[in-house]
Amino acid sequence: MATMKDVARKAGVSTSTVSHVINNNRFVSEAVRIKVEQAISALNYAPSALARSLKMNQTRTIGMVLSASSNPFYSEVVRGVERSCYERGYSLILCNTDGDEDRMNRSLESLLQKRVDGLLMMCTECYPPSPEILARYPSIATVIMDWAPFNGDSDIIQDNSLVGGELATRFLIEQGYREIACIAGPQDKTPARLRLAGFHRAMAAASLSVKPEYLVYGDFEFSGGYQAMKQLLMLERPPHAVFTSNDAMAVGGYHAIYEAGLAVAKDIAVMGYDDIELARYLCPPLSTIHQPKDDLGELAIDTLLHRMVNPDADQQVLVLTPELIVRGSVMAR
């Protein structure tokens, strides 16, 4: 593999001149520029990103650790993050924890060893990243996405899941529903716990009791929602409405309702959470709580870049406001 010294030797110039031509950061005569470009072409030379990053002490790379799954919510957030990175001249390296603590910490160590300029973490498990690993790289700017509580100095961006769960449940109550069930997410995930708490708070505010059999748990995946809805439909008195703690489980629930020979909205109302793109294309379209996923990605990158420039700034905790999206899956009684 050709080096910059090889190019300089072939063109009969210094390595600094070759660097000026490649980076276009200093005046070089047209004749010399042509000689250097011809040497680069003849030797098939490609500049070393590693060497450049070591010289400039930055890689123009952002690392992101997340718990990816079949849930489209994550891919939509990543799309917003990647777009924001591209628009700001950065590359993105993704690592999936698959919900495993050891894998999360190994991915974290790997990204930091690769000298990423900043780090995004979107892992909603109850366990935090290894403080020992973070302590070895104290200068790396870090933003935690949708993960709380977190005992650290990193900036935090999170959805107000408590308010969102309450908003979703209150809407069902306002539409005249009283027999309301909840398909809660896994309780080792903070957003799932808060959405369930919001459900209970709205029911209590309306003086409505929650039947024990009306509270079931899923895994934030399509299959979990399908199994949980089947469980509810097998009850002697199935609920009239169901708040599912995310849209992926709502999609699974739709299928269970269809298999039971029932119709969403007509026989049982379904309320989701996240407002994934698929939600509007279901039949009927899913009423849900909107999370601004593109805004979340852009805000995360901008917060991270601000932290990289201002490492001593006070910690920021940014809370996104959920929004009710009314569609056809909930009819007034």
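FYI, the numbering just counts along the sequence from 1. All of these numbers come straight from a predicted model, not from anything done at the bench.
In terms of modelled atom types and a separation under 3.5 Å, the side chain of Ser107 and the main chain of Arg103 share a donor-acceptor contact. Although no hydrogens or angles enter the test, the distance criterion places no donor-acceptor pair under 3.5 Å between the side chain of Thr15 and the main chain of Met4. The backbone N or O of Pro72 lies less than 3.5 Å from a partner atom in the side chain of Ser75, making a donor-acceptor pair. Lys211 contributes no side-chain N or O that, together with a main-chain N or O of Ser209, makes up a donor-acceptor pair within less than 3.5 Å. Panel note: side chain Asp247, backbone Ile276; a donor-acceptor pair is recorded below 3.5 Å. Checking side-chain atoms of Tyr90 against main-chain N and O of Glu82 turns up no donor-acceptor pair under 3.5 Å. A distance-only check finds no donor-acceptor pair linking the side chain of Thr244 to the backbone of Met249 [under 3.5 Å]. Judged by distance alone, with hydrogens and angles left aside, the side-chain atoms of Asn71 form no donor-acceptor pair with the main-chain N or O of Ala248 at under 3.5 Å.
Residues Phe222 and His255 fail the side-chain proximity criterion, which asks for heavy atoms closer than 4.5 Å. Using a 4.5 Å heavy-atom cutoff, the side chains of Glu259 and Tyr226 are in contact. Between Ile301 and Cys85, some side-chain heavy-atom pair lies under the 4.5 Å cut-off. You'll find the side chain of Val143 stays beyond 4.5 Å of the side chain of Met121, heavy atoms only. Within the 4.5 Å cutoff, the side chain of Glu213 has no heavy atoms near those of the Gln231 side chain. Residues Asn105 and Glu132 have side chains not in contact (no heavy-atom distance under 4.5 Å, counting atoms from C-beta outward). With a 4.5 Å cut-off on side-chain heavy atoms, Val270 and Ile257 count as touching. By the 4.5 Å heavy-atom criterion applied to side chains, Cys182 and Ser245 are counted as neighbours.
Around atom CG of Asn310, more than 12 heavy atoms belonging to other residues, nucleotides or ligands sit under 6.0 Å away.
Note: Ser110 OG to Leu112 CG = 9.0 Å, rounded to the nearest 0.5 Å. Interatomic distance, CD of Gln227 versus NZ of Lys230, reported as 5.5 Å (0.5 Å rounding). Interatomic distance, His240 NE2 to Gln175 CD, rounded to the nearest 0.5 Å: 15.5 Å. Distance check, rounded to the nearest 0.5 Å: CG of Leu320 to CD1 of Ile157 gives 7.0 Å. If you take CD on Glu277 and CD on Glu76, they are separated by 5.5 Å, rounding to the nearest 0.5 Å. Here the CG atom belonging to Leu318 is positioned 11.0 Å from the CE atom belonging to Met145, to the nearest 0.5 angstrom.
Hydrophobic clustering of Ile, Leu, Val, Met, Phe, Trp and Tyr side chains at less than 4.5 Å, counting indirect connections, keeps Ile325 apart from Leu296. Transitive grouping of hydrophobic side chains (ILVMFWY, heavy atoms separated by less than 4.5 Å) keeps Met234 and Tyr254 in distinct clusters. In the hydrophobic clustering of this structure, Ile144 groups with Ile140; members are Ile, Leu, Val, Met, Phe, Trp, Tyr whose side-chain heavy atoms approach within less than 4.5 Å, directly or through other members. Under the 4.5 Å side-chain contact rule for hydrophobic residues, Val13 and Leu43 share a cluster. When the side chains of ILVMFWY residues are joined at heavy-atom separations under 4.5 Å, either directly or via intervening members, Tyr258 and Leu233 end up in two distinct hydrophobic clusters.
Note on Glu101 versus Arg106: no salt bridge recorded, every NZ/NE/NH1/NH2 to OD/OE distance being 4.0 Å or above. Taking a cutoff of 4.0 Å between a charged side-chain nitrogen and a carboxylate oxygen, Glu298 and Arg83 do not qualify as a salt bridge. A salt bridge links Arg88 to Asp302: at least one charged side-chain nitrogen sits closer than 4.0 Å to a carboxylate oxygen.
A pairwise comparison of heavy atoms in Ala250 and Leu286 identifies CB-CD2, 3.8 Å as the closest pair. Residues Arg195 and Asn246 come closest through the heavy atom pair NH1-CB, 4.1 Å. Of all heavy-atom pairs between Gly185 and Phe220, the closest is CA-CE2, 3.7 Å. Heavy atoms only, all atoms of each residue included: Leu120 and Leu304 are closest at CD2-CD2, 3.9 Å. A pairwise comparison of heavy atoms in Ile183 and Ala228 identifies CG2-CB, 3.6 Å as the closest pair. Between Gly328 and Ala265, the shortest heavy-atom contact is O-CB, 3.3 Å.
In summary, the side chains of Asp275 and Thr288 do not present any donor paired with an acceptor at a separation below 3.5 Å, with no hydrogens or angles considered. For the residue pair Tyr137 and Glu109, a side-chain donor N or O sits within less than 3.5 Å of a side-chain acceptor on the partner. Counting only N and O atoms by type, the side chains of Thr17 and Ser14 include a donor and acceptor under 3.5 Å apart. For the residue pair Thr97 and Asp100, no side-chain donor N or O sits within less than 3.5 Å of a side-chain acceptor on the partner.
Other cluster members for Ile173: Leu167, Phe171, Leu172, Tyr177, Ile180, Leu196, Phe199, Met203, Leu208, Val210, Leu215, Tyr217, Phe243, Met271, Tyr273, Ile289, Leu324, Val326, Val330, Met331, joined by side-chain heavy-atom distances under 4.5 Å among Ile, Leu, Val, Met, Phe, Trp and Tyr.
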Task: Chi angles and distances behind the side chain to side chain contact (heavy atoms under 4.5 Å, CB included) call for Val242, Met229 - done: CA-CA 9 Å; Val242 179; Met229 186 66 77; 4.1 Å; yes
TODO: Just do the side chain to side chain contact (heavy atoms under 4.5 Å, CB included) check on Leu282 and Val251 with the steps written out, would you?
DONE: CA-CA 8 Å; Leu282 296 174; Val251 173; 3.9 Å; yes
Task: Intermediate values then yes/no, side chain to side chain contact (heavy atoms under 4.5 Å, CB included), His306 and Gln316 - done: CA-CA 11 Å; His306 178 267; Gln316 297 186 78; 3.8 Å; yes
Open item on the list: Determine whether Val36 and His20 satisfy the following criterion, side chain to side chain contact (heavy atoms under 4.5 Å, CB included), listing intermediate values before the conclusion.
Closed with: CA-CA 10 Å; Val36 172; His20 297 330; over 6 Å; no
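For the side chain to side chain donor-acceptor pair (under 3.5 Å) with Arg307, the lone residue among Asp312, Asp155, Thr142 that qualifies is Asp155.
Residues that satisfy the salt bridge (charged side-chain N to carboxylate O under 4.0 Å, His left out) test with Lys114, not counting sequence neighbours, are absent from this structure.
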